Asks: 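Okay, handing you the structure first.
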There are 2 protein chains.
Amino acid sequence: MDNKKIEKISRALSDINRIAILQEFKKKKDCLYCAEVNDLLDLTQPSVSHHLKQLVDAELLLPQKEGRNLKYVLNLEVLDDYIACLNKLKD
Amino acid sequence: MDNKKIEKISRALSDINRIAILQEFKKKKDCLYCAEVNDLLDLTQPSVSHHLKQLVDAELLLPQKEGRNLKYVLNLEVLDDYIACLNKLKD
DNA sequence: TTTAAATATTCAAATATTTCGATATATTAG
DNA sequence: CTAATATATCGAAATATTTGAATATTTAAA
């Protein structure tokens with residue numbers, strides 16, 4: 001994982017709303033529906049859409065179309081790669 | 001570690017120059033001098049000072065005054081706490 | 001004590017991010 | 001086909017971040 005990618009993931013994680021989205025996966029195992037995220041956050045739908053886009057662009061979330069709904073799963077592989085990079089900072 | 005702190009650390013990590021600073025610790029074990037960081041980055045001194053401040057404010061770096069020089073050490077405790085929070089996202 | 005070196009602060013400009021209202025698009029239900 | 005639902009995009013305002021020139025502060029050297 002190159003530094004540009006580390007930067008992008010860090011930026012995706014640098015917002016209280018996006019952190020809340022990721023943490024919601026602890027309760028809702030497996031996947032989170034877009035509509036659930038809209039309920040979770042105290043923001044308008046376009047703002048939530050924006051935040052989800054940051055997480056998808058960073059590849060922390062994988063979107064899956066399901067009819068007219070959209071569900072997301074955590075991309076554990078990218079998260080693990082990111083954590084591995086942070087661990088490497090510790091010499 | 002609360003979400004505000006996670007946000008702050010993530011933001012500190014969301015810049016290519018600050019990532020480069022942290023990675024420089026791999027080469028320069030132990031500590032990094034402020035002047036070394038000025039040499040490392042292709043930025044003016046005030047900009048470097050700004051970036052170092054972000055890292056110190058996030059407590060990723062601990063500053064130590066040494067005469068008229070300043071040296072930094074990696075705060076492994078905070079880095080580990082942060083990594084632990086990220087690991088908790090994986091259910 | 002004067003001068004030089006290392007670092008920080010202030011200010012302003014440029015750029016990026018966050019937010020929301022309005023609207024567009026896509027899909028399903030009736 | 002039409003209406004309703006779910007999500008995305010656009011445009012603009014508010015706010016935050018990044019950068020560097022100018023300057024201030026702190027400390028050591030001469």
Side-chain angles (χ1 to χ4, degrees), chain A residues 3-25 28 30-75, chain B residues 3-25 28 30-75:
Chain A
N3 285 0
K4 268 291 171 194
K5 183 73 182 176
I6 296 175
E7 183 186 39
K8 182 147 204 166
I9 292 173
S10 299
R11 189 168 296 275
L13 292 171
S14 71
D15 178 279
I16 209 80
N17 295 295
R18 295 193 289 264
I19 293 168
I21 293 171
L22 294 177
Q23 288 173 338
E24 189 69 8
F25 280 90
K28 300 279 177 184
D30 263 16
C31 69
L32 244 194
Y33 282 86
C34 183
E36 292 178 307
V37 180
N38 276 294
D39 292 342
L40 175 69
L41 302 180
D42 195 20
L43 290 172
T44 60
Q45 179 269 322
S47 295
V48 174
S49 186
H50 162 75
H51 287 303
L52 285 167
K53 189 176 189 314
Q54 308 306 306
L55 292 169
V56 170
D57 285 353
E59 296 182 286
L60 285 167
L61 294 187
L62 298 171
Q64 298 180 355
K65 208 77 188 287
E66 233 187 31
R68 64 182 165 186
N69 299 320
L70 188 49
K71 72 179 186 186
Y72 296 96
V73 297
L74 253 182
N75 191 344
Chain B
N3 285 1
K4 270 291 172 196
K5 184 73 184 176
I6 296 175
E7 183 186 38
K8 183 149 203 165
I9 294 174
S10 299
R11 189 168 297 274
L13 292 171
S14 72
D15 179 279
I16 209 80
N17 296 295
R18 296 193 291 263
I19 292 168
I21 293 171
L22 295 177
Q23 288 173 339
E24 191 67 9
F25 279 91
K28 301 279 176 185
D30 263 15
C31 69
L32 243 194
Y33 282 86
C34 184
E36 293 178 307
V37 181
N38 276 295
D39 292 342
L40 174 69
L41 302 180
D42 194 21
L43 290 173
T44 61
Q45 180 269 322
S47 295
V48 174
S49 185
H50 161 75
H51 287 302
L52 285 167
K53 189 175 191 313
Q54 307 306 305
L55 292 169
V56 170
D57 286 353
E59 296 180 287
L60 285 168
L61 293 187
L62 298 170
Q64 297 180 355
K65 208 78 187 287
E66 232 186 32
R68 64 182 164 185
N69 299 320
L70 188 49
K71 71 178 186 187
Y72 296 97
V73 297
L74 254 182
N75 191 343

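These numbers were taken from a predicted model, which means no experiment stands behind them. Here is the naming used below: chain letters follow the sequence lines, and residue numbers restart at 1 for every chain.
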Asks: For B/H51, does its backbone N or O pair with a side-chain atom of B/R18 as donor and acceptor, under 3.5 Å?
Replies: no
Asks: Looking for any heavy atom pair under 4.0 Å, which part of the strands does A/H51 touch: base, sugar-phosphate only, or nothing?
Replies: sugar-phosphate
Asks: Roughly, in whole Å, what's the span from CD in B/E7 to C1' in D/dT15?
Replies: 14 Å
Asks: Do B/I9 and B/L60 come within less than 4.5 Å of each other through their side chains, counting heavy atoms only?
Replies: yes
Asks: Side-chain N or O of A/N69 less than 4.0 angstrom from OP1 or OP2 on C/dA26?
Replies: no
Asks: Please check: side-chain N/O of A/S49 versus main-chain N/O of A/P46, any donor-acceptor pairing under 3.5 Å?
Replies: no
Asks: Measure CG/B/L55 against P/C/dA8 and give the value in whole Å, please.
Replies: 12 Å
Asks: Over how many whole Å does the gap from A/Q64 atom CD to D/dA6 atom C1' extend?
Replies: 17 Å
Asks: B/H50 has an atom NE2; how far is it from atom C1' of C/dT15, in whole Å?
Replies: 13 Å
Asks: Reading DNA chain C from 5' onward, which residue's closest nucleotide shows up sooner: A/T44 or A/E66?
Replies: A/T44
Asks: Are A/S49 and D/dA8 close enough that a side-chain N or O sits under 4.0 Å from OP1 or OP2?
Replies: yes
Asks: Quick one: which of D/dT7, C/dT19, D/dT19 gets closest to the side chain of B/N17?
Replies: D/dT19
Asks: Which whole-number value in Å describes the distance from B/K71 NZ to C/dT7 P?
Replies: 13 Å
Asks: Would you say B/Q23 and A/I6 make side-chain contact, with heavy atoms under 4.5 Å?
Replies: yes
Asks: Need to verify one output field. Residue with the more 5' nearest nucleotide on DNA chain D, B/K65 or A/K53?
Replies: A/K53
Asks: Could you pick out which residue, A/S14 or B/Y72, lies toward the 5' side of DNA chain C when each is mapped onto its nearest nucleotide?
Replies: B/Y72
Asks: For B/R18 and D/dT18, is the shortest distance between a side-chain N/O and OP1 or OP2 below 4.0 Å?
Replies: yes
Asks: So, is A/R68 close to the D/dT7 phosphate, meaning a side-chain N or O under 4.0 Å from OP1 or OP2?
Replies: no
Asks: Let me know the distance between CG of A/D42 and C1' of C/dT18, rounded to the nearest Å.
Replies: 14 Å
Asks: Answer with yes or no whether A/Q45 presents, from its side chain, a donor or acceptor under 3.5 Å of a partner atom in the base of D/dA8.
Replies: yes
Asks: Taking for each residue the nucleotide of DNA chain D with the nearest heavy atom, is it A/P46 or A/R11 whose nucleotide lies nearer the 5' end?
Replies: A/P46
Asks: Which part of the nucleic acid, if any, lies within reach of A/L43 when heavy atoms closer than 4.0 Å are counted: base, sugar-phosphate only, or nothing?
Replies: sugar-phosphate
Asks: Using atom CG of A/D15 as one end and atom P of C/dT18 as the other, report the distance to the nearest whole Å.
Replies: 5 Å
Asks: Which whole-number value in Å describes the distance from B/Q54 CD to C/dT9 C1'?
Replies: 14 Å
Asks: Backbone N or O of B/A58 within a donor-acceptor pair of the B/K5 side chain at under 3.5 Å?
Replies: yes
